[in-house]
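All heavy atoms count here, side chains included; hydrogens, waters and symmetry mates do not. Fair warning: this is a prediction, and the values are worked out from it, not measured in the lab.
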Amino acid sequence: MYTPRHFLQPDHGLQLDFMRRHSFAALVTTDEAGRPHATHVPVMVEERPEGLGLLFHLACANPQAQQLDGREALCIFSGPHAYISPSLYEQPLSVPTWNYIAVHASGTGQLIRTEAETLAVLEQLILQT
């Protein structure tokens, strides 16, 4: 995601808070041919000793589930957005823009393989909403 330096938010705590408040995210992977696939899923964000963990559920019938294990994935958390008219700027020769807040989180996918773990994730996702 292109982010001008003055719009970067380096505060990890604010990023986590945003991800938790806007937890319905787009999960993006690519198949063997490099074609992108996306599924919108509720996501639970966990802080772990080894780093951030994102938990979500995909149906086994969803082909994207097979594109996750051991492969790179991107989760896009989107928040408020709005059109900004040039008439709102102090400089008369300004261009319109679209302001938005988003966090992109990427990492390596890992499938949960047991029924007990799957049920635990589903229960936590349900309780989160």
Subject >> Exam field: side chain T118 to backbone T114, donor-acceptor pair closer than 3.5 Å >> reply: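 Yes.
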**OP:** Would you check, one step at a time, whether the test side chain to side chain contact (heavy atoms under 4.5 Å, CB included) holds for E32 with R71?
**Re:** CA-CA 11 Å; E32 292 74 23; R71 296 180 57 195; 3.4 Å; yes
Original post:
With distance as the sole criterion, is a donor-acceptor pair present between the side chains of Q67 and T30 under 3.5 Å?
Top reply: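 Judged by distance alone, the side chains do not pair up.
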Let me confirm one number: the [atom1]-[atom2] distance from [X] to [Y], rounded to the nearest 0.5 Å.
{"X": "N62", "Y": "H57", "atom1": "CG", "atom2": "NE2", "result": "10.0 Å"}
{"X": "L125", "Y": "L55", "atom1": "CG", "atom2": "CG", "result": "7.0 Å"}
{"X": "I112", "Y": "E117", "atom1": "CD1", "atom2": "CD", "result": "5.5 Å"}
{"X": "Q15", "Y": "R20", "atom1": "CD", "atom2": "CZ", "result": "12.0 Å"}

What closest approach, in Å, do [X] and [Y] show between heavy atoms, and which atom pair accounts for it?
{"X": "L111", "Y": "A65", "value": "CD2-O, 3.5 Å"}
{"X": "C75", "Y": "L54", "value": "CB-CD1, 3.8 Å"}
{"X": "M19", "Y": "A105", "value": "CE-CB, 4.0 Å"}

Using atom types as modelled, flag every donor-acceptor pair under 3.5 Å from a side chain in residues 41-53 to any protein atom, sequence neighbours excluded.
residue, atom, partner, partner atom, Å
E46, OE1, R48, NE, 3.0
E46, OE1, R48, NH2, 3.0

Connected via hydrophobic side-chain network under 4.5 Å: [X] and [Y]:
{"X": "V28", "Y": "L68", "value": "no"}
{"X": "L119", "Y": "V121", "value": "no"}
{"X": "I76", "Y": "L27", "value": "no"}

Donor-acceptor contacts, no H, no angles, side chain residues 1-14, under 3.5 Å, sequence neighbours left out:
residue, atom, partner, partner atom, Å
Q9, OE1, D11, N, 3.0
D11, OD1, G13, N, 2.8
D11, OD1, L14, N, 3.0

Subject >> Connected-component partners of L122 among ILVMFWY, side-chain separation under 4.5 Å >> reply: none
Original post:
According to the ring-ring contact (aromatic ring centres under 6.0 Å, His included) rule, which pairs have a member within residues 13-47, sequence neighbours left out?
Top reply: F18-H22
Just distance, no hydrogens or angles: give the donor-acceptor pairs under 3.5 Å from side chains in residues 87-100, sequence neighbours left out.
residue, atom, partner, partner atom, Å
S87, OG, S85, OG, 2.9
S94, OG, Q91, O, 2.9
W98, NE1, H81, ND1, 3.2

**OP:** Can you sort out the partners of A33 under side chain to side chain contact (heavy atoms under 4.5 Å, CB included), two or more places apart, ordered by chain and number?
**Re:** D31, R35
